[in-house]
There are 2 protein chains.
Amino acid sequence: MMYKLWCIKSDRKGAGMLRYAILGMLGYQPMTGYGVKHAMDSSTGYFWHAKLSQIYTTLKQLEKEGAVSSAVERQATRPEKRVYSITDAGRRDLDEWLAAPLIGLDPRKETLLLKVFFSGRLDRETLLTNLHLQRELHRKQAELYRTHTAREIARAAAQNPAVAKDAMLWEATRRFGERLEDLMVNWLDETRRLVEENW
Amino acid sequence: MMYKLWCIKSDRKGAGMLRYAILGMLGYQPMTGYGVKHAMDSSTGYFWHAKLSQIYTTLKQLEKEGAVSSAVERQATRPEKRVYSITDAGRRDLDEWLAAPLIGLDPRKETLLLKVFFSGRLDRETLLTNLHLQRELHRKQAELYRTHTAREIARAAAQNPAVAKDAMLWEATRRFGERLEDLMVNWLDETRRLVEENW
DNA sequence: CGCACCATGTAATGCGTTACATGATTTT
DNA sequence: AAAATCATGTAACGCATTACATGGTGCG
């Protein structure tokens, strides 16, 4: 009988990608769990997010595995906090993941598309209204990326020239978000027109 | 003390969106679990998917709730099959969901963006290679939508004129997929250029 | 006075994947 | 002879959300 010789890869138990999102953040500087959450919400939020509870449990796992270490800090007025730092092992782990090419497309789940796909059962007017409603949401989001997000990135880059290379990539991801929202707006407009003219 | 008067909504236990994906498919015609899987893979696959195991369990739930009904059919050569049909209650449920506007943007998880975001730690050459690799994958996918998928939809519409309205919406979702892949290709090209010129 | 912010965790539950278990028929 | 298609399910596990549980500080 043959033994399993394939399946070389680490087969790590525990988190999937969140693990790397957290390691990436700790790669910039030590942070609390709460701080990681804040950092995510205000940077990767529009393409990667997590709840606090999951961040706390994942940090605990990462510590058990030796990818991060923590120290409790007492504070004058605020409650105690546990500050996490990335370890050398964690850095190796992160760098290995970054270097590995993505060999496929990640599977999408677009609720809007699912609805539109089956909307032949729906009445014309409700569909048009709903499409327009979504359009406005995406338009606002695009605007947010163009103004608020762009400013935040520029500010971070100006404050700390050491992150210039990082800021370039952050800006690239922001631009992706902006374009995706623009695409949504255009597609929704076009789809409304299609329905108006051919239903 | 106040009692909870809010929280009117149904609070249904069980599946999230998969439920509606299945009801939508059964809305076209009765099908087996295996058939639902096939239908999904060859239509909504690029924006909504599920594993067979999950489809079987969800169908069982839907039957318990009365949204679908099933009958076992014996076959000459093939194994027995359980054919599911949507019930009136299921149709109401589906229509209600279709009519309800999406009031937010669904949260995204884009692994590629996550990687790019943290790739300041990576070396220039590896990043460029990986970006190019992804570019090719997305280019191929865009091509698939333009040729294969477009043909399939046109064929379905030609075979059965009754689904003309549906086919229009199917084509709209296909076009979304095509554009999204085009966007990816363009963004990846632009990002590579950015890295080449400014790293 | 109330709300937002800072700060940490656990428990229960739901959603989704992988692995297990089976097996005939049809196509290449 | 091997692979794909047809066909059904269960069990274990991992990933993610919601709910539970707590409490001080600062601001308007």
Side-chain angles (χ1 to χ4, degrees), chain A residues 4 6-7 9-22 30-42 48-65 70-84 104 106-109 111 114, chain B residues 4 6-7 9-22 30-42 48-65 70-84 104 106-109 111 114:
Chain A
K4 286 195 192 178
W6 55 91
C7 194
K9 272 271 135 190
S10 55
D11 259 359
R12 202 191 303 75
K13 294 298 167 195
M17 294 298 121
L18 178 56
R19 166 190 190 79
Y20 300 109
I22 292 176
M31 270 180 249
T32 64
Y34 186 89
V36 169
K37 168 66 171 162
H38 185 80
M40 272 190 196
D41 285 350
S42 59
W48 203 274
H49 61 87
K51 306 279 174 185
L52 254 175
S53 61
Q54 203 192 352
I55 291 172
Y56 283 126
T57 52
T58 305
L59 277 166
K60 203 155 268 189
Q61 271 176 228
L62 287 169
E63 186 164 32
K64 207 167 60 193
E65 291 171 29
S70 75
V72 174
E73 273 181 33
R74 218 161 299 164
Q75 296 180 110
T77 61
R78 294 290 179 184
E80 275 194 341
K81 62 183 181 181
R82 181 172 293 272
V83 179
Y84 287 91
D106 24 326
R108 283 172 195 295
K109 295 223 168 169
T111 311
L114 190 64
Chain B
K4 286 195 192 178
W6 55 92
C7 196
K9 270 273 137 190
S10 54
D11 261 356
R12 204 193 301 74
K13 293 300 169 195
M17 293 298 121
L18 178 56
R19 162 190 192 82
Y20 300 109
I22 292 176
M31 273 180 245
T32 64
Y34 187 88
V36 169
K37 168 67 171 161
H38 185 79
M40 271 190 196
D41 285 350
S42 60
W48 203 274
H49 60 87
K51 306 278 173 182
L52 254 176
S53 60
Q54 204 191 352
I55 291 172
Y56 283 125
T57 52
T58 306
L59 277 166
K60 203 154 268 189
Q61 271 177 227
L62 287 169
E63 186 163 33
K64 207 168 59 192
E65 291 171 28
S70 76
V72 174
E73 272 181 34
R74 218 161 299 168
Q75 296 180 108
T77 60
R78 294 292 181 179
E80 276 193 342
K81 62 182 180 180
R82 181 173 292 272
V83 180
Y84 287 91
D106 27 322
R108 283 170 196 297
K109 295 224 169 170
T111 311
L114 191 64

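The sequence lines fix the lettering, A, B, ..., with proteins before strands; numbering per chain opens at 1.
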Terminal axes of the helix from C:dC1-D:dG28 to C:dT28-D:dA1 (5 end pairs apiece), angle rounded to 10 degrees, sit apart by 50°
Nucleotide N/O of nucleotides 23-27 of chain C paired with protein N/O under 3.5 Å:
none

Here the distance between atom P of C:dT10 and atom NZ of A:K51, to the nearest Å, is 19 Å
Rounded to whole Å, the CE-P distance (A:M31 to C:dC6) equals 14 Å
Across all chains, not counting sequence neighbours, the side chain to side chain donor-acceptor pair (under 3.5 Å) partners of A:E73 are none
Numerically ordered, the residues 33-42 of chain A set in heavy-atom contact under 4.0 Å with DNA chain C is A:G33, A:Y34
The side chain to side chain contact (heavy atoms under 4.5 Å, CB included) partners of A:T111 (sequence neighbours excluded) come to B:M17, B:W48, B:W97, B:L102, B:D106
Sequence neighbours excluded, the answer for side chain to side chain contact (heavy atoms under 4.5 Å, CB included) partners of A:P30 is A:V83, A:S85
Exercise. Would you say a side-chain N or O of B:K60 is under 4.0 Å from OP1 or OP2 of D:dT10?
Worked result: yes
Closest to the 5' end of DNA chain D, once B:P107 and B:K81 are matched to their nearest nucleotides, is B:K81
**OP:** State whether A:Q75 places a side-chain N or O below 4.0 Å from either non-bridging phosphate oxygen (OP1 or OP2) of C:dA7.
**Re:** yes
Item to check | Residue pair A:H49 / B:K109, side-chain heavy-atom distance below 4.5 Å | outcome: yes
task = Return no unless some side-chain N or O of B:Q54 is found under 4.0 Å from OP1 or OP2 of C:dC15.
result = no
| query | Any side-chain heavy atom of B:I22 sitting closer than 4.5 Å to one from B:Q54? | reply | no
Looking only at D:dT8, D:dT10, D:dA19, the nucleotide nearest the A:S53 side chain is D:dA19
### OP1 or OP2 of D:dT8 under 4.0 Å from side-chain N/O of B:Y56
yes
